[in-house]
Amino acid sequence: MRRACVAFALLLALPAAWAKPFDVAPARGVVQRLFPARFAALELASMEGEGERFRILEHDGHPRVEGTSASALLAGVNWYLKYVAHGQVSTNGSRFDPGLPLPAHTIERTSAFAWRYALNQNTDGYSSPYWDWPRWEREIDVLALSGINAMIVERGMDTVLYRTFADFGYDDAAIRGWITQPAHQNWQLMGNLCCFNGPISQALMDKRAASARRIVDRLRELGITPVFPGFYGIVPADFTRRFEGAHVVPQGEWAGFTRPGWLDPRDRMFAKVAASFYRHQHELFGDSTIYDMEVFQEGGDSGDVPVPEAARAVQDALHAAHPGAAWMMLAWQGNPRQDLLTGVERSKLFIIDIDHDKVPRDDRMHDFQRAPFLFGGIWAFGGRTTLGANIRNYTERLPRMHAANANMVGTAVFPEGMDSNPFAFDLFTEMAWHDGPVDREAWAADYARRRYGGDDAHALAAWKLLLDTAYDLRPEGVEFHSERDAGQESLFAAQPSLDVNRASNWSPEGLRYDPSRFRGALDELLAVAPALRGTPTYRYDLVDVARQVLANESRLLLPKIKQSFQAGDAKTLRTLEDRWLSLMDVQDKLLATDADFMLGTWLAHVKGWASNPGEDDVLHYDARSLLTTWGDRKASEGADLHDYGNKDWSGLTRDYYRPRWQAFFATLDASLATHQPPAHIDWFARGDEFNHAKQVYSATPSGDAYTLAKQVAELVHR
């Protein structure tokens, strides 16, 4: 009864396709785009009934999948692919067996979760700021096939902000100067920064709005609810000068950036600005039933504003424009505040719970004052290429949380960047269709079979090792700051120092598992039968595991370099330095064999968005800086944002990370020769130079992944 009462609270925001027939043609389009032509014989149909259910059966000699909604139907198609056809569509490669087998018996699955949400707000920075339509179409297809039925869309909101503040007298130059460029813009929407690398051009905003409309239209076709940013009070710094008496609370700084001001939601101007925002958003993109608003995100200041009253006013403005809409917010670093929760209609909240700390908070009925929440899976930060996740958090804790909390209404795919860790993505999204814990080892073994296409003993052994190391991260044993479920980074990507223990400031400081055991997974993958090595899925995994082996090796090698320097042993120091740089050279060649690990792939997306050469330079700086310095000197050095978005990518390794270490080693060598302290290096200046460079990087893979992965194995076994 308790769960039923809480679930009833979200009825107004439930997926529109529930309890009524729907057009299966858009789902058919997903199958046509992602699957081989022979899958055209797969029958798709809507089925009657409420809730999220699918059925797989034989019908007139053909396999047939039915679902109560488009997302349930596509989840059923994915289940058919994985557990009947023994294939895989993933964020990193696909593999299919020949034929179109019939199910041995009827399969039925029901999801206990009304909502299966996707995308961290930061994904629009670390993954997708410059994606074109083909790239977005592929991502939406994979998400839809994974049963996702709600997804945030931040692209195009710059035009909403522009038109809103134009209504209040801001001229073109002023408002475009306030809005930041695409790769950093989502942090402005969360109230963290403004005005970086601007002004944004009108032509770019127009292109982004048109692109966003196409994305939103496709989501709606597939029964996926677009989640839009809402208005909660961010305003330009001079708002009080334009509107005398308006109560704006300065928000200070976030990581060295000046935050936008926060207009007191009780102020007479708030409802006017909010109404304008929602009107323009509606005109551009239509309506939704869920709106994201991150009030006080990562340190915002309420000043003298009573939070319960302010929160109520924010929700009132939302409901004035969109009656009954849900307010999405994050459970992260103390949010949502208890005083905020007390002021709102909590049944109309949509909380994404990613606050998995050393001591996980399990009583969310109490913590969220009965407000509905979704269990968030966040296995990567900064869009980094680190391999690993705390899989037990999903196979064991997720169902335990659901059983204990009547207000848990869904799951949320929430890494800060997409399209890494396909194992974690596949497992997490599938958990929405299980009604209890899942056997990790059995699931991983089946994953290996369908990912590579055979019951290979070495593939199974490799995944057993991966499951017991990188995918069994525990919160104890290593200092990890805020990144509980993240793997350790490569020190090759770190700003050079003899004492550095991580590349980004908030990531784990040490190894989170035995690197020698992990190294065994590479040996086993290399021993997989030749017949199974030709797929994109195998190649991606081989490159990823070999890359992580090198990342782990960097952590074993740096202490030896430090020891030889402190001992004054110049000969050993140079030998170790040469080994370090040679490992980086091999890494760059290895990464160049797969487009998912290439800087050129990232930068290729920037092409086409600029209207002139000057804007092209600005946008390339936007895209490059997010990987390196992140922002200006104050943010990069003063707030330690540098390298937060580091990536083990070809091109970035060769032309950014390696030269840094080579320059650093030169100062060590000179120090031993002259008996003087190592010379200081201005790392921000080097990064900023790279950000403004114009070298073109290929997005076409080259080299043989197997040969180079084998070379990695030989090098680390020396």
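Keep in mind that what you see is a predicted model, and the values were worked out from it rather than measured.
A salt bridge links Arg218 to Glu221: one of the charged nitrogens lies within less than 4.0 Å of a carboxylate oxygen. Note on Asp172 versus Arg176: salt bridge recorded, some NZ/NE/NH1/NH2 to OD/OE distance being below 4.0 Å. Ionic pairing of Asp316 and Arg266 is not present here: no N-O contact between side-chain nitrogen and carboxylate oxygen is shorter than 4.0 angstrom.
Inter-residue side-chain proximity for Ser69 and Arg53 is flagged as unmet; no heavy-atom pair is nearer than 4.5 Å. Within the 4.5 Å cutoff, the side chain of Thr68 has no heavy atoms near those of the Glu50 side chain. Taking the side chain as every heavy atom from C-beta outward, Met205 and Ile179 approach each other to under 4.5 Å. Contact annotation: the side chain of Val153 never approaches that of Val227 to less than 4.5 Å [non-hydrogen atoms, C-beta and beyond]. Side-chain contact between Ile215 and Ile140 is present, with heavy atoms from C-beta onward closer than 4.5 Å. Considering only heavy atoms from C-beta on, Tyr394 comes within 4.5 Å of Asp485 through its side chain. Residues Asn149 and Leu222 form no side-chain contact, since every pair of their non-hydrogen atoms from C-beta on lies 4.5 Å or further apart. Side-chain contact between Met269 and Val235 is absent, with no heavy atoms from C-beta onward closer than 4.5 Å.
One finds the CG atom of Asp23 at 11.5 Å from the CZ atom of Arg28 (value rounded to the nearest 0.5 Å). Taking CG of Leu219 as the start and OG1 of Thr225 as the end, the distance is 9.0 Å to the nearest 0.5 Å. Remark: Met293 CE to Ile234 CD1 distance equals 12.0 Å, nearest 0.5 Å. Taking OH from Tyr130 and CH2 from Trp609, the interatomic distance works out to 9.5 Å, rounded to the nearest 0.5 Å. Atom OG of Ser347 sits about 12.5 Å away from atom CD of Gln369, to the nearest 0.5 Å.
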Between Glu66 and Arg64, is the salt bridge (Lys or Arg N to Asp or Glu O under 4.0 Å) condition met? List the steps. CA-CA 7 Å; Glu66 303 170 346; Arg64 177 184 176 96; 2.7 Å; yes

In sequence, state the C-alpha distance, the side-chain angles, and the governing distance for Glu345 and Lys348, and then conclude on salt bridge (Lys or Arg N to Asp or Glu O under 4.0 Å). CA-CA 6 Å; Glu345 186 178 351; Lys348 297 299 189 293; 3.2 Å; yes

Check the pair Arg155, Ser211 against side-chain hydrogen bond (donor to acceptor under 3.5 Å, both in side chains), reporting the backbone distance first and the verdict last. CA-CA 8 Å; Arg155 180 173 290 186; Ser211 173; 2.8 Å; yes

Run the ring-ring contact (aromatic ring centres under 6.0 Å, His included) test on Trp187 and Trp630 for me, step by step, so that the C-alpha distance in whole Å, both residues' side-chain angles and the decisive distance to 0.1 Å come before the verdict. CA-CA 12 Å; Trp187 285 279; Trp630 211 100; 4.8 Å; yes

Does the pair Phe165 and Trp178 meet the rule for a side-chain contact (heavy atoms from CB on, under 4.5 Å), with working shown? CA-CA 10 Å; Phe165 288 104; Trp178 184 65; 3.8 Å; yes

Verdict with supporting geometry, Asp355 and Gln333, side-chain hydrogen bond (donor to acceptor under 3.5 Å, both in side chains): CA-CA 7 Å; Asp355 203 0; Gln333 294 191 352; over 6 Å; no

Candidate pair Asp367 and Arg364, rule salt bridge (Lys or Arg N to Asp or Glu O under 4.0 Å), full reasoning: CA-CA 5 Å; Asp367 296 341; Arg364 289 317 207 179; 2.9 Å; yes

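The minimum heavy-atom distance between Ala150 and Ile224, with the atom names listed, is N-CG2, 3.7 Å. Residue Lys207 comes nearest to Ala610 through the heavy atom pair NZ-O, 3.5 Å, listed as atom of the first residue, atom of the second, then distance. When all heavy atoms of Asp264 and Phe270 are compared, the closest pair comes out as O-CB, 3.6 Å. Contact detail for Val409 and Pro372: the closest heavy-atom pair is CG2-CB, 4.0 Å. For the residue pair Ala412 and Leu374, the shortest heavy atom distance occurs at CB-CB, 4.3 Å. Listed here is the closest heavy atom pair of Gly382 and Glu416: N-OE1, 2.7 Å.
Using modelled atom types and a 3.5 Å distance limit, the side chains of Glu615 and Ser201 yield a donor-acceptor pair. No side-chain donor from either of Glu154 and Gln185 sits under 3.5 Å from a side-chain acceptor of the other. Checked by atom type, the side-chain pair His322/Tyr291 shows a donor-acceptor distance below 3.5 Å. A side-chain donor-acceptor contact under 3.5 Å links Glu52 and Ser71. Glu298 and Trp254 share a donor-acceptor pair across their side chains, judged by distance under 3.5 Å alone. Side-chain contact check for Gln188 and Asn192: no donor-acceptor pair (N or O, by modelled atom type) lies under 3.5 Å. Checked by atom type, the side-chain pair His247/Asp267 shows no donor-acceptor distance below 3.5 Å. Side-chain N/O atoms of Glu430 and His434 include a donor and acceptor closer than 3.5 Å. When only modelled atom types and interatomic distance are considered, Asn186 and Asn122 share a side-chain donor-acceptor pair under 3.5 Å. Side-chain atoms of Gln297 and Gln121 include no donor-acceptor pair closer than 3.5 Å.
A side-chain hydrogen bond (donor to acceptor under 3.5 Å, both in side chains) with His184 is found for one member of Asp622, Asp124, Asn197 and no other, namely Asp622. Applying side-chain contact (heavy atoms from CB on, under 4.5 Å) to Phe425 and the options Asn92, Asp419, Val142 leaves one that passes, Val142. Remark: of the listed residues Trp79, Phe428, Phe54, Phe54 is the sole one forming a ring-ring contact (aromatic ring centres under 6.0 Å, His included) with Trp433. For the pairing with His402, the ring-ring contact (aromatic ring centres under 6.0 Å, His included) check across Phe113, Phe373, Phe375 returns one residue only, Phe113. Only one option out of Val89, Leu34, Val31 pairs with Val77 in a side-chain contact (heavy atoms from CB on, under 4.5 Å); it is Val31. For the ring-ring contact (aromatic ring centres under 6.0 Å, His included) criterion with Phe277, the lone passing option out of Phe231, Tyr162, Phe228 is Phe231.
In this structure, Arg346 fails the cation-pi test against Phe368, since its NZ or CZ atom is not both closer than 6.0 Å to the six-membered ring centre and inside 45 degrees of the ring normal.
Two rings, from Tyr232 and Trp327, have their centers 6.0 Å or more apart. Phe350 has its ring centre less than 6.0 Å from the ring centre of Trp115.
Atom NE2 of His319 sits in a crowded spot, with more than 12 heavy atoms from other residues, nucleotides or ligands closer than 6.0 Å. For CG of Asp167, the number of neighbouring non-hydrogen atoms (other residues, nucleotides, ligands) closer than 6.0 Å is greater than 12. Heavy atoms of other residues, nucleotides or ligands lying less than 6.0 angstrom from CD of Glu48 number 12 at most.
A parallel orientation is assigned to the rings of Phe239 and Tyr170, their planes being inclined by less than 30° (bins at 30° and 60°).
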